2 protein chains.
Amino acid sequence: MRIIPTYLATIYNPEQKMSLPLENDFIPHLAFDSVIFGFSGEKLKILLMEYHNTAWLALPGGFVGKNENLNDAVRRGLQERTGLDKIYLEQFYTFGDLARFKPEIMQTILAANGHQVAAENWMLDRFVSVAYYALINYHEVEPKPDALSDSIAWYDVDALPELILDHSEIVKKALETLKSNIDRKLVSMNLLPPRFTIKELQQVYEAILGEKLRRTTFQRKILSLDILERHEKLYSGKSHKAPFLYSFKGNQMGN
Amino acid sequence: MRIIPTYLATIYNPEQKMSLPLENDFIPHLAFDSVIFGFSGEKLKILLMEYHNTAWLALPGGFVGKNENLNDAVRRGLQERTGLDKIYLEQFYTFGDLARFKPEIMQTILAANGHQVAAENWMLDRFVSVAYYALINYHEVEPKPDALSDSIAWYDVDALPELILDHSEIVKKALETLKSNIDRKLVSMNLLPPRFTIKELQQVYEAILGEKLRRTTFQRKILSLDILERHEKLYSGKSHKAPFLYSFKGNQMGN
DNA sequence: ACAAAAGTGTTACGGTTACACCCATGC
DNA sequence: GCATGGGTGTAACCGTAACACTTTTGT
């Protein structure tokens with residue numbers, strides 16, 4: 001027999017219908033949303049979930065257990081969606097406007113999942129949401145949808161579809177924060193595989209900053225920081241000079 | 001007869017004992033704390049409250065009305081403490097660790113105010129707190145204590161006493177944020193009177209950054225930003241050249 | 001040999017530093 | 001005049017920009 005931890009937002013239901021998070025397990029009125037960034041090799045992307053039978057897109061999020069640190073709740077949520085354990089994670093803003101309170105939306109999502117809930121159900125209450133962004137290695141991850149959604153997939157940040165509630169605003173603010181942190185923290189290391197070329201690193205910078213950088217200047221600036229270790233060359237089979245592979249020195253976690 | 005708005009945390013009580021915030025008016029488990037900075041002319045200071053009969057110091061804070069935007073709740077709290085209306089305000093972090101849940105502390109505070117509350121009282125619950133910092137003009141303000149505290153006063157940030165719960169950590173993070181924002185946003189203008197000397201402005205910078213700056217370099221850097229307007233000289237009666245007074249150009253609010 | 005991309009050398013430019021000097025003020 | 005602190009001129013210094021050039025790779 002399998003023991004299911006209280007923290008898990010979903011529990012087994014023999015009628016195939018996923019059961020809902022239980023009111024008594026979570027802090028009411030408080031949620032989190034995470035903007036999970038990955039870099040495909042060319043483009044900066046985020047993970048979005050699509051709710052069953054609605055075509056609505058939303059950020060992955062969740063609730064905070066009554067006996068759980070806020071930060072731990074978010075890590076748990078990320079673990080469930082990505083399978084990853086040690087993730088670069090940063091809280092950036094808490095959204096608490098009344099305008100984000102639209103119970104009809106959650107009611108429709110629940111109804112599309114076969115749940116008719118009473119108007120007083122806690123999931124239809126007003127929620128204040130603490131937003132985090134995470135940086136993960138795109139190629140290491142197979143995202144898993146949650147109980148209410150049938151897919152979770154990558155979307156280009158520079159061509160995002162419409163999202164529910166204020167989630168577009170949340171992404172926008174995440175990008176701004178990421179941008180302003182790109183130099184202060186070694187943010188980009190969390191988006192790249194262990195070994196990468198300077199060109200790839202530059203592409204991460206360009207995707208985050210939203211502008212082209214000068215090749216030679218970038219190379220020298222990065223190398224002068226003395227945070228990269230040079231390894232063997234990467235032969236791509238293309239008819240030009242092979243670039244060196246680099247890794248970040250030490251086991252810094254980018255803070 | 002005086003009408004008392006639902007939002008006000010305290011209502012009149014004929015037995016002199018202040019009555020408590022009402023459970024049904026506020027979002028449970030959610031609070032805010034504000035780190036209110038002022039500059040005395042020499043030192044950077046924050047406002048702290050001392051609870052009745054406990055000698056405990058804490059940041060001014062409050063709860064969020066059920067029909068109130070989070071940001072509005074904080075502005076309301078600031079208005080009540082400082083009397084000021086248009087305040088530079090920035091959210092910087094949400095504190096949600098279980099470690100900050102210490103019901104005995106709130107119970108003691110309430111008891112010292114003559115309230116015996118049941119163990120299930122909502123004010124003794126776990127709270128997640130959204131923290132803001134505010135920048136105000138020290139000389140324009142006469143802080144007012146709230147219902148539970150008998151004083152509110154300025155304390156030097158570089159010599160803070162012990163605070164309750166995780167409030168020291170909150171102040172620390174506020175200072176870090178302020179420091180990293182000092183150049184990106186025109187933060188300092190909110191801490192100075194309308195007209196000030198460059199020396200005063202430099203002192204604000206030094207207080208925030210925690211280091212001495214070079215006089216001539218600072219002067220030129222600031223002037224080269226082209227954000228200051230020069231006015232008449234300030235004669236101090238001292239036996240040396242009188243410095244010019246400056247003001248910030250336009251009516252920028254420092255974002 | 002050629003094209004394409006990586007890597008490096010050289011000079012120019014712009015902002016910051018360091019230090020000197022001059023200016024204004026009250027005693 | 002003198003001490004004190006404000007304001008400015010100047011040359012050195014340093015990081016970035018601009019551009020040219022060399023090197024490496026596969027066809």
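The sequence lines fix the lettering, A, B, ..., with proteins before strands; numbering per chain opens at 1. Being a predicted model, the structure only gives us computed values, none of them experimental.
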For A/Lys173, all residues meeting side chain to side chain donor-acceptor pair (under 3.5 Å), sequence neighbours excluded = none

Where does the chain B footprint on DNA chain D start and end, counting 5' to 3' with a 4.0 Å heavy-atom cut-off?
-> D/dA3 to D/dT10

Atom pair distance, as rounded to whole Å: NZ in B/Lys221 and C1' in C/dT17 | 11 Å

Footprint string (nucleotides 2-11 of chain C, 5' to 3'): B base within contact, S backbone only, - free, heavy atoms under 4.0 Å | -BBBBBBBB-

Name all residues meeting the side chain to side chain donor-acceptor pair (under 3.5 Å) criterion together with A/Thr54; count only those two or more places apart in sequence or in a different chain, and write none if there are none.
-> none

More 5' along DNA chain D: A/Thr217 or A/Lys233, using each one's nearest nucleotide?
-> A/Thr217

Residue pair A/Ser236/A/Arg214 against DNA chain D: nearer the 5' end by closest nucleotide is A/Arg214

Name all residues meeting the side chain to side chain donor-acceptor pair (under 3.5 Å) criterion together with A/Gln202; count only those two or more places apart in sequence or in a different chain, and write none if there are none.
-> A/Glu206

Would you be so kind as to tabulate the donor-acceptor pairs closer than 3.5 Å made by side chains of residues 46-53 of chain B, with sequence neighbours excluded?
residue: B/His52; atom: ND1; partner: B/Asp150; partner atom: OD2; Å: 3.0
residue: B/His52; atom: NE2; partner: B/Ala147; partner atom: O; Å: 3.3
residue: B/Asn53; atom: ND2; partner: B/Ala112; partner atom: O; Å: 2.8

Measure the distance from CZ on B/Phe218 to P on C/dT16 and round it to the nearest whole Å.
-> 12 Å

Just list the side-chain donor-acceptor pairs under 3.5 Å for residues 208-224 of chain A, sequence neighbours left out, or say none.
residue: A/Ser224; atom: OG; partner: A/Arg220; partner atom: O; Å: 3.3
residue: A/Ser224; atom: OG; partner: A/Lys221; partner atom: O; Å: 2.7

Name every donor-acceptor pair, under 3.5 Å, that has one atom in a side chain of residues 163-171 of chain A and the other anywhere in the protein, sequence neighbours excluded.
residue: A/Asp166; atom: OD1; partner: A/Arg100; partner atom: NH2; Å: 3.1
residue: A/Asp166; atom: OD2; partner: A/Arg100; partner atom: NE; Å: 2.7
residue: A/His167; atom: ND1; partner: A/Leu59; partner atom: N; Å: 3.0

Atom pair distance, as rounded to whole Å: CD in B/Glu232 and P in C/dA24 = 17 Å

Show every donor-acceptor pair shorter than 3.5 Å between a side-chain atom in residues 136-144 of chain A and any protein atom, with sequence neighbours excluded, or say none if there are none.
residue: A/Asn137; atom: OD1; partner: A/His139; partner atom: N; Å: 3.1
residue: A/His139; atom: NE2; partner: A/Ser40; partner atom: O; Å: 3.4

Within 6.0 Å of CD in A/Glu232, more than 12 heavy atoms from elsewhere | yes

